[in-house]
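Note sheet for the following structure.
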Amino acid sequence: MSFPRKTHWTKNITPGLDGKEVVLAGWVWDVRDIGNIKFILLRDREGLIQLTVKKGTVPEDVWNVVSSLNKEDAIVVKGIVKASRIAKAGIEVFPSEVYIVARSKALPIDIWGSVETDLDTRLRYRSVDLKRPVNSLIFRASSEVTRAIRDSLYNHGFIEVFTPKIIVTSTEGGAELFTVQYFERVAYLAQSPQLYKEELTASLERIFEIAPAYRAEKHNTNYHLNEFISVDIEEAFANYMDVMDILEDVIINVHDRVNRAFSDELNKYGIEVRNPRKPFRRITYDEALDMLGKRGLKVDWGEDVPKNGMEILSEEIGEPFFIIHFPTNIRAFYTKPLDSDPRISESFDLVMGGLEIASGSSRIHDRGQLTEALRKRGLNPESFGSHLMIYDYGMPPHAGWGMGLYRLLMVLLRRSNIREVVLYPRDRFRLEP
RNA sequence: GCCCCGGUAGUAUAGCCCGGUCCAGUAUGCGGGCCUGUCGAGCCCGUGACCCGGGUUCGAAUCCCGGCCGGGGCGCCA
C-alpha cells in the first residue's frame with residue numbers, strides 16, 4: 001500500500017499553517033457523524049486534531065472512505081489546514097486524500113474516558129490502554145525524566161555504564177533473588193548493581209547506570225514491583241554529603257524539565273508538578289524518631305521508619321527531604337559508619353510522597369573493615385572473595401545512591417499506583433503482557 | 001509470610017444483607033436508522049452478563065463450603 005509520508009504531528013498544526021497542505025498520520029479517536037457532514041478526531045502520540053468532511057465538497061471516494069471509518073482505524077490523511085472560528089480548537093484540516101492503512105475492531109476497553117476501566121483490566125490490554133492520551137503523556141514525561149537525569153549526571157562528570165543482570169551471588173543479602181538456569185549452573189537476576197558500581201569507582205571514578213533490578217519478594221502493594229528500573233550512581237573520592245548534593249540537583253532538574261515540557265498538558269489532567277527548592281531539609285534519624293514520638297508513633301531505635309511514619313514526616317516537614325544517619329546495623333553491609341560514632345552510619349534516604357525514593361551512603365573502602373562488616377551480618381566473606389580482592393588495589397573512598405525510577409515517576413506524576421507509570425509491570429501475579 | 005475485601009454483558013456498575021416480583025436494571029461500547037458545524041453531539045431501534053465446582057432449598061445472582069482469579073493493607077524491600 002502506498003501513502004504519503006507524515007509531515008506533521010497533530011500538535012504542530014497551528015493557525016499559522018492556514019492554507020498549507022499537510023500529511024497527518026494516526027488513529028481515528030472519534031467520528032461525529034451529523035449526516036452530510038462528518039468530523040473525524042485524529043489522534044497521534046502528540047495530540048488530537050479535527051478533520052472536517054462535507055459531502056459534495058470532497059471527492060466521492062474520500063467521502064466513501066471516511067464513511068467507512070471505525071474508531072482506532074490507522075489512517076494517513078493529506079489535507080489543507082484551515083484556521084477556523086467554528087471549530088473549538090480554532091483549527092481543522094480538510095482532507096483531500098484519506099488512506100486506511102489498518103482496520104481496528106471494537107476495543108476491549110474504554111480509552112475515551114466515558115467509563116473508567118479497572119487498572120487490572122487495563123493492564124491486561126496494556127498496548128490498547130496506552131492509546132489513551134493521558135498515557136501517552138505519562139510516558140513522554142517519563143522519557144523526559146530519564147533524559148533530565150542523564151543530563152544532570154553528565155554535567156557532574158559521570159559516565160553511563162551497564163553491569164551484568166545475570167549474576168552468581170547475592171549482592172547485598174536482604175531481598176530474595178530470582179534464580180535463572182545458566183547452562184549447567186544456577187545463577188540469579190541482579191537485585192542491584194551495587195558491588196559492580198563500587199568496583200568501577202576504582203577505574204572510571206564517576207559512573208551511573210539506569211537499568212532493571214529484580215526482587216523476588218511477594219509483596220502486594222501499589223508501590224512495589226518485582227522488576228523495576230533503578231538509577232544508580234557511584235562516585236570516587238566523595239562522601240554521602242557530596243552525593244546527596246548531586247541527588248538534590250537531579251531531583252530539581254527533573255521537576256524543572258518536566259514542568260518546562262509538559263506543565264500545560266499535565267494541568268489538563270489535574271496533575272500539578274511543583275518545583276522543589278534547594279536545599280532539601282535534612283533531618284537525622286534520631287530527630288525523625290523524636291518527631292514521630294511527638295505525633296504518637298513510637299519507633300524503637302534500631303527499627304526502620306515505617307510507611308506511615310514517612311507520611312507523618314512528609315506532612316511535618318514538607319517534601320522532598322532527607323533522613324540521614326541511620327543506625328549502622330539496619331543498613332547494608334557496605335555502609336560506612338560515622339568515625340565519631342560507629343553505631344550510626346553515613347547514610348541517607350530521600351523521601352517524597354511518603355515514599356522512600358532513593359537511598360545512599362558513604363561506603364567502606366577498607367578491606368579489613370568490609371570483611372568485618374560482612375561477618376557481623378552473618379554473611380560469608382569467602383563468597384565475596386572476587387569483590388573483596390579489588391580493595392587491595394587502591395580502592396578509593398566512595399559514595400553513591402540508588403533511586404527507584406518508577407517511584408519517582410509515581411510521586412512526580414501523582415499516580416496512586418506504581419503500575420500506572422510502568423509500560424508492562426511485573427508483579428506477584430502479572431507476568432504478561 | 002499475615003490480615004481484610006471482591007468476582008454480574010466488551011467495559012463500568014445496580015441487584016446480594018432480608019432467596020421467588022430478575023428469561024437480571026442502568027451507562028458506555030458495538031450493529032442499524034435520522035440529521036450539513038459536531039466538539040461528553042443528539043434522538044430512535046437492536047445486541048449482549050450472574051468466575052468454576054459442590055452443597056442447602058420446592059426455588060440460588062442472592063445462603064454455605066472449596067478452588068481459581070483479582071483488589072487493598074501490614075511485613076520485607078527501592
Reckon [X] touches a base, only the sugar-phosphate, or nothing at all at heavy-atom distances under 4.0 Å?
| X | answer |
| --- | --- |
| A:Gly35 | base |
| A:Asp349 | nothing |
| A:Lys71 | sugar-phosphate |

>> Can you see if the side chain of A:Arg430 gets near the phosphate of B:rG71 - specifically, an N or O under 4.0 Å from OP1 or OP2?
In response: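 For A:Arg430, the contact criterion (side-chain N or O under 4.0 Å from OP1 or OP2 of B:rG71) is met.
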> Does A:Asn36 put a side-chain nitrogen or oxygen below 4.0 Å from OP1 or OP2 of B:rG37?
Replying inline: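 Looking at the OP1 and OP2 atoms of B:rG37, neither is under 4.0 Å from any side-chain N or O of A:Asn36.
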Could you measure between the two [atom1] atoms, the one in [N] and the one in [M], and give it in whole Å?
| N | M | atom1 | result |
| --- | --- | --- | --- |
| B:rA9 | B:rC5 | P | 23 Å |
| B:rC51 | B:rA14 | P | 14 Å |
| B:rU13 | B:rC50 | C1' | 13 Å |
| B:rC22 | B:rU62 | C1' | 11 Å |
| B:rC68 | B:rU56 | C1' | 23 Å |
| B:rC17 | B:rA61 | P | 12 Å |
| B:rA49 | B:rU28 | C1' | 15 Å |
| B:rC16 | B:rU21 | P | 13 Å |

>> Can you tell me how far apart CZ (A:Phe39) and CD1 (A:Ile34) are? Round to the nearest 0.5 Å.
In response: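 The distance works out to 6.0 Å.
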I need the [atom1]-[atom2] distance between [X] and [N], as an integer number of Å.
| X | N | atom1 | atom2 | answer |
| --- | --- | --- | --- | --- |
| A:Asp30 | B:rC30 | CG | P | 9 Å |
| A:Glu72 | B:rU11 | CD | C1' | 15 Å |
| A:Asn417 | B:rG73 | CG | C1' | 13 Å |
| A:Asn222 | B:rC74 | CG | P | 9 Å |
| A:Asp118 | B:rC51 | CG | P | 15 Å |
| A:His224 | B:rC74 | NE2 | P | 10 Å |
| A:Asn70 | B:rG32 | CG | C1' | 14 Å |
| A:Ile330 | B:rA78 | CD1 | C1' | 14 Å |

> Between A:Asp30 and A:Arg43, is there a salt bridge with N-O shorter than 4.0 Å?
Replying inline: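 No, no charged N to carboxylate O under 4.0 Å.
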> Salt-bridged, A:Glu116 to A:Arg122, with N to O below 4.0 Å?
Replying inline: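 Result for this pair is no, no salt bridge flagged.
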>> Just so I know, are the side chains of A:Pro306 and A:Asn308 near enough to count as touching, which here means a heavy-atom distance under 4.5 Å?
In response: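 Counting from C-beta outward, A:Pro306 and A:Asn308 do come under 4.5 Å.
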> Can you find an N or O donor on one side and an acceptor on the other, under 3.5 Å apart, linking the side chain of A:Glu92 with the base of B:rG37?
Replying inline: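 Looking at the base of B:rG37, it does pair with a donor or acceptor on the side chain of A:Glu92 (distance under 3.5 Å).
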> Do A:Phe228 and A:Tyr406 have their ring centres less than 6.0 Å from each other?
Replying inline: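 No.
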Given that both distances must come in under 3.5 Å, which nucleotide forms a Watson-Crick or G-U wobble pair with [N]?
| N | result |
| --- | --- |
| B:rG46 | B:rC30 |
| B:rG25 | B:rU13 |
| B:rG70 | B:rC5 |

> Which of these nucleotides, B:rC35, B:rG75, B:rC30, is closest to any side-chain atom of A:Lys307?
Replying inline: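 Closest nucleotide among those given: B:rG75.
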